[in-house]
Amino acid sequence: MITKEQLHDLIANQAEVEDNHGRRVGVIGRMFFDESSGDLEWVTVQTGLYPGHETYIPLRGAAVDQESTPPRLKVDFGKGLIEDAPMMAEERISHLEHHLSSAQQSQLHAYYRFDTHGSDK
């Protein structure tokens, strides 16, 4: 499981995010926590040509590639799926940590095809 500290380091170093086929998706942006459990559940990646365009990616199945220089985040989803994910407005907790509501998480779970318990369909 990826720790909050690992994500802080990746964000501070503007780490690259790779999809499940090894393709560059973008630069890691921010981290988000599950509303009920407080667990890390989402990160954003800066995608596209326009600054500030961030897409949400579940951390399920993600790993930090410590052997690459610099380290990068490898996610378990394809680039096309990530780039087409719905946009969300969130509550800011701190500079790097943010919060999504239950409704927003449900919308993202449906998009990434997770059931209400967070397991894959």
Side-chain angles (χ1 to χ4, degrees):
M1 174 172 227
I2 297 173
T3 68
K4 181 177 171 180
E5 291 74 24
Q6 286 176 308
L7 284 177
H8 275 290
D9 289 344
L10 290 172
I11 292 167
N13 291 306
Q14 299 181 330
E16 297 285 327
V17 176
E18 254 183 30
D19 78 352
N20 58 354
H21 297 289
R23 296 175 293 196
R24 181 189 184 279
V25 177
V27 175
I28 191 170
R30 298 172 290 153
M31 67 179 94
F32 292 80
F33 297 85
D34 178 88
E35 183 178 67
S36 58
S37 69
D39 293 337
L40 285 168
E41 188 167 8
W42 306 93
V43 292
T44 60
V45 63
Q46 298 168 15
T47 60
L49 300 173
Y50 304 104
H53 183 223
E54 292 184 307
T55 305
Y56 295 79
I57 307 172
L59 283 170
R60 176 170 306 135
V64 177
D65 182 356
Q66 295 288 359
E67 296 189 19
S68 65
T69 304
R72 67 184 137 214
L73 181 66
K74 299 179 112 182
V75 296
D76 201 25
F77 299 93
K79 183 175 182 172
L81 184 69
I82 293 165
E83 289 176 342
D84 291 340
M87 300 290 290
M88 299 284 162
E90 71 283 334
E91 176 186 342
R92 182 177 173 160
I93 295 172
S94 72
H95 176 67
L96 297 175
E97 298 170 22
H98 301 263
H99 170 80
L100 292 171
S101 71
S102 292
Q104 290 170 318
Q105 288 186 63
S106 293
Q107 184 179 356
L108 287 168
H109 282 152
Y111 177 77
Y112 283 103
R113 297 192 171 117
F114 298 152
D115 67 19
T116 56
H117 301 289
S119 63
D120 297 328
K121 281 188 176 180

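Please read these numbers as outputs of a predicted model, since none were measured by experiment. Side-chain atoms are counted along with the backbone in the values below, which use heavy atoms only and exclude waters and symmetry mates.
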Mind checking the [atom1]-[atom2] spacing from [X] to [Y]? Nearest 0.5 Å is all I need.
X: E16; Y: K74; atom1: CD; atom2: NZ; value: 13.0 Å
X: I2; Y: M31; atom1: CD1; atom2: CE; value: 10.5 Å
X: R24; Y: T47; atom1: CZ; atom2: OG1; value: 10.0 Å

Smallest separation among heavy atoms of [X] and [Y], with atom names:
X: P71; Y: V64; answer: CB-CG1, 4.4 Å
X: Y112; Y: A85; answer: OH-CB, 3.6 Å
X: R60; Y: D76; answer: O-CB, 3.9 Å
X: P86; Y: Y111; answer: CD-CG, 3.6 Å
X: G29; Y: I11; answer: O-CG2, 3.3 Å

T44 side-chain N/O to R30 backbone N/O, donor-acceptor pair under 3.5 Å | yes

Less than 4.5 Å apart, side chain to side chain, heavy atoms only: is that true for [X] and [Y]?
X: V45; Y: V75; result: no
X: F32; Y: Q105; result: no
X: L7; Y: I28; result: yes
X: E54; Y: I57; result: no

With sequence neighbours excluded, what pairs up with K79 under the side chain to side chain contact (heavy atoms under 4.5 Å, CB included) test?
-> D19, R23, V25, E83

Residues two or more places apart in sequence or in another chain: which of them pass side chain to side chain contact (heavy atoms under 4.5 Å, CB included) with T3?
-> E5, Q6

Hey, is CD on Q66 packed in by over 12 heavy atoms from elsewhere, all under 6.0 Å?
-> yes

Give a yes or no on whether V27 and I82 share a hydrophobic cluster (residues Ile, Leu, Val, Met, Phe, Trp, Tyr; joining criterion: side-chain heavy atoms under 4.5 Å apart).
-> no

